[in-house]
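Notes to accompany the following structure.
Chain identifiers are assigned alphabetically (A, B, ...) following the order of the sequence lines, protein sequences preceding nucleic acid strands; residue numbering begins at 1 within each chain. What's counted below: heavy atoms across the whole structure, side chains too, no hydrogens, waters or symmetry copies.
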Amino acid sequence: MLQINYIRENTADVKKRIAKKNPKHAEAIDEVLKLDEETRNAKRDLENNLAEANQLAKKIGDLMKGGQKDEADKIKARTTELKELNKTLEEKQKQTEQQLFDLLITLPNLPHDSVPEGKTPEENLNIFEHGEIPKLLEGALPHWELAAKYDIIDFELGNKIAGAGFPVYKGKGARLQRAMINFFLDEATKAGYREIMPPNVVNADSGFGTGQLPDKEGQMYHIGIDDLYLIPTAEVPITNLYRDVIVKEEELPIKNAGYTPCFRREAGSYGAHVRGLNRLHQFDKVEIVQIAHPDHSYKILDEMVNHVKGLLEKLELPYRILRLCGGDMSFASALTFDFETYSAAQQRWLEVSSTSNFENFQANRLKCRFKNKDGKMQLVHTLNGSALALPRIVATLLENNQTPEGIKIPKALVPYTGFEIIN
RNA sequence: GGAGAGGUGCCUGAGUGGCCGAAAGGGACGGUUUGCUAAACCGUUGUACUCGCAAGGGUACCGAGGGUUCGAAUCCCUCCCUCUCCGCCA
């Protein structure tokens, strides 16, 4: 959530920057300022009256003690009057404040200056490429056919048990999942992250804290009977560990990582783009999350990007990094780098990681702060990145590493899988 | 699912309807002193909003929301959460 003070003091700049995400938001800024003005006026009136009422109440107390009951009763008349007045003022104040809040939470984070202009994924900036695009043999198969051929991932069985988008991993397919999760977690540990195993469901407060609610309400599975949400990413529970927390400045940065299954409804998805592992309702992911000092968050973002690079290079997959344009960025992000691997049989780039700096946008919702050197409370910056999401890595790996003998497992993973080839 | 207890500041914990933003202890921070891995003593130690150049005011907050009252942490109602016991169970 954007800070109202910041909007007030940097109106022109805010309008310009927010328009990069979507021009329609710039208009809302005027409305925000108008509501802010109204709210503060209403609050001032109310507070003046409350101050008077408080004083009178105190006076009445003193008079009563002194036995001057008649005097006290005279003043009481005025307090009764004030009370009536305050009821209306309070209502008005609450109402405008609520309107302001409701509008404020619909506004996305301001993009960083380095975010390119653009509305669609095609306008993302390709900033880095690594690895050779493999030349596959004649008759190379897409991963969903390989999955069937070697009987390692069963989409039909998933359909029967749960529905489309819930695959069943079998034998070496299941083992590969477990291997990758362990590999990613070990790498995160080596990079100084503390391993977290959080709940896989969260309450609405947590969903709000990281910005999924109310923005992505329809994208999360909701358990109505207990009013809980299945997590769409470990980012939600792990970042929310720090909701309503005042951290120590010297503890920053705080580095946590965790593996969880992720659940997404993906309402509205369809077609060839969602075949096989390309888009699932449930998938596995290791997420890295940092709570950072505002002065260092962009350096930390680089560090996280490098961590993800390292993973992809150890897996020997061709990848590229995109700097997302304003229109393709997520609601809460100030700067996002997407990682895509090239899946050779599909001849497509697949997004496997999204690594972002949220600056203080989440922190403002979470109320996660630290006391700075001047003794003032200051919001932290939050960052997170997929390191990594499994399904598309598996898709790329199956397709790119297929040989007539079977599918070769990258060296770095062999100690985890216990086998070198799927055949 | 059944029964009970409770939610107060960084923590523990007290609190008679006005003198309570809140005792006391602990912790943390600053200082004095004696000095060896420490003790004693003194002091400081809420957040948000708001008015003001500032000094300094004001308002709100004792789980949340209502109510009673001139006045509520304190009384009443509703809800939420946590804990304990029983049941069920990995």
Side-chain angles (χ1 to χ4, degrees), chain A residues 1-9 32-105 197 199-209 213 222-229 237 240-252 254 261 291 360 363-380:
Chain A
M1 181 162 62
L2 298 176
Q3 296 179 100
I4 184 67
N5 286 336
Y6 188 85
I7 297 177
R8 216 184 284 145
E9 289 159 22
V32 164
L33 289 173
K34 196 185 116 217
L35 286 169
D36 174 49
E37 180 81 26
E38 280 176 32
T39 304
R40 291 198 295 158
N41 286 340
K43 200 175 256 179
R44 194 172 318 133
D45 294 346
L46 176 63
E47 286 186 358
N48 287 341
N49 278 1
L50 285 173
E52 188 184 344
N54 283 344
Q55 263 182 350
L56 291 178
K58 205 164 265 178
K59 204 178 278 177
I60 290 169
D62 292 341
L63 289 171
M64 297 287 250
K65 249 180 253 168
Q68 298 169 271
K69 199 159 178 305
D70 293 348
E71 286 295 313
D73 283 342
K74 266 186 224 163
I75 300 177
K76 272 192 198 178
R78 172 63 181 155
T79 61
T80 316
E81 199 180 306
L82 280 173
K83 218 160 76 167
E84 279 307 306
L85 201 57
N86 285 343
K87 232 177 231 172
T88 348
L89 285 173
E90 194 181 344
E91 226 160 273
K92 183 169 182 233
Q93 192 261 117
K94 272 189 181 167
Q95 202 189 327
T96 50
E97 193 166 37
Q98 186 66 44
Q99 281 173 1
L100 175 62
F101 179 80
D102 288 346
L103 182 58
L104 219 44
I105 59 170
M197 193 181 277
N200 294 166
V201 294
V202 292
N203 55 29
D205 283 346
S206 297
F208 177 81
L213 291 176
H222 182 229
I223 305 162
I225 191 167
D226 290 313
D227 195 19
L228 292 168
Y229 295 86
N240 270 281
L241 296 177
Y242 298 90
R243 173 155 47 85
D244 295 321
V245 170
I246 295 164
V247 297
K248 289 209 170 73
E249 186 172 15
E250 60 268 24
E251 285 170 357
L252 300 173
I254 298 168
I291 308 290
N360 64 22
N364 192 29
R365 295 179 158 223
L366 293 161
K367 298 282 166 273
C368 179
R369 295 163 298 172
F370 68 95
K371 201 169 255 183
N372 66 20
K373 292 199 176 63
D374 302 329
K376 288 214 174 122
M377 287 296 182
Q378 201 178 336
L379 293 170
V380 299

Taking atom [atom1] in both [N] and [M], what distance in whole Å separates the two?
N	M	atom1	result
B:G31	B:A39	C1'	16 Å
B:A90	B:C11	P	38 Å
B:G4	B:G87	C1'	15 Å
B:G57	B:G52	C1'	8 Å
B:C10	B:G17	P	27 Å
B:C19	B:C61	P	14 Å
B:G13	B:C76	P	23 Å
B:U74	B:A22	C1'	12 Å

Could you give the start and end, 5' to 3', of the contact zone on RNA chain B for chain A, using atoms under 4.0 Å from its heavy atoms?
-> B:G18 to B:G71
Looking for any heavy atom pair under 4.0 Å, which part of the strands does [X] touch: base, sugar-phosphate only, or nothing?
X	answer
A:R78	nothing
A:N54	sugar-phosphate
A:K94	sugar-phosphate
A:K371	sugar-phosphate
A:L56	nothing
A:K76	base

Passes salt bridge (charged side-chain N to carboxylate O under 4.0 Å, His left out), A:K87 versus A:E91? Steps please.
-> CA-CA 6 Å; A:K87 232 177 231 172; A:E91 226 160 273; over 6 Å; no
Partner lookup for [N], please. Criteria are Watson-Crick or G-U wobble with both distances under 3.5 angstrom; report none if nothing qualifies.
N	answer
B:G1	B:C86
B:A24	B:U12
B:A48	B:U59
B:G71	none
B:G7	B:C80
B:A40	B:U32
B:A54	none

Any side-chain donor near an acceptor of the partner, A:Q98 and A:D102, under 3.5 Å |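 Yes, side-chain donor-acceptor contact under 3.5 Å.
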Taking atom types as modelled, find out whether A:T39 and A:D36 have a side-chain donor-acceptor pair closer than 3.5 angstrom.
-> no
Relative to the 5' end of RNA chain B, which residue comes earlier, A:K87 or A:I60, by the nucleotide with the nearest heavy atom?
-> A:K87
Quick one: on RNA chain B, does A:E52 or A:T79 contact a more 5' nucleotide (nearest heavy atom)?
->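 This one resolves to A:E52.
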A:Q55 atom CD: more than 12 heavy-atom contacts under 6.0 Å | no
Shortest non-hydrogen contact from [X] toward [Y]:
X	Y	value
A:C368	A:Y242	CB-O, 3.3 Å
A:R365	A:F208	NH1-O, 2.8 Å
A:E249	A:K371	OE1-O, 3.5 Å

Flag side-chain contact, heavy atom, 4.5 Å: A:V202 against A:N240 | no
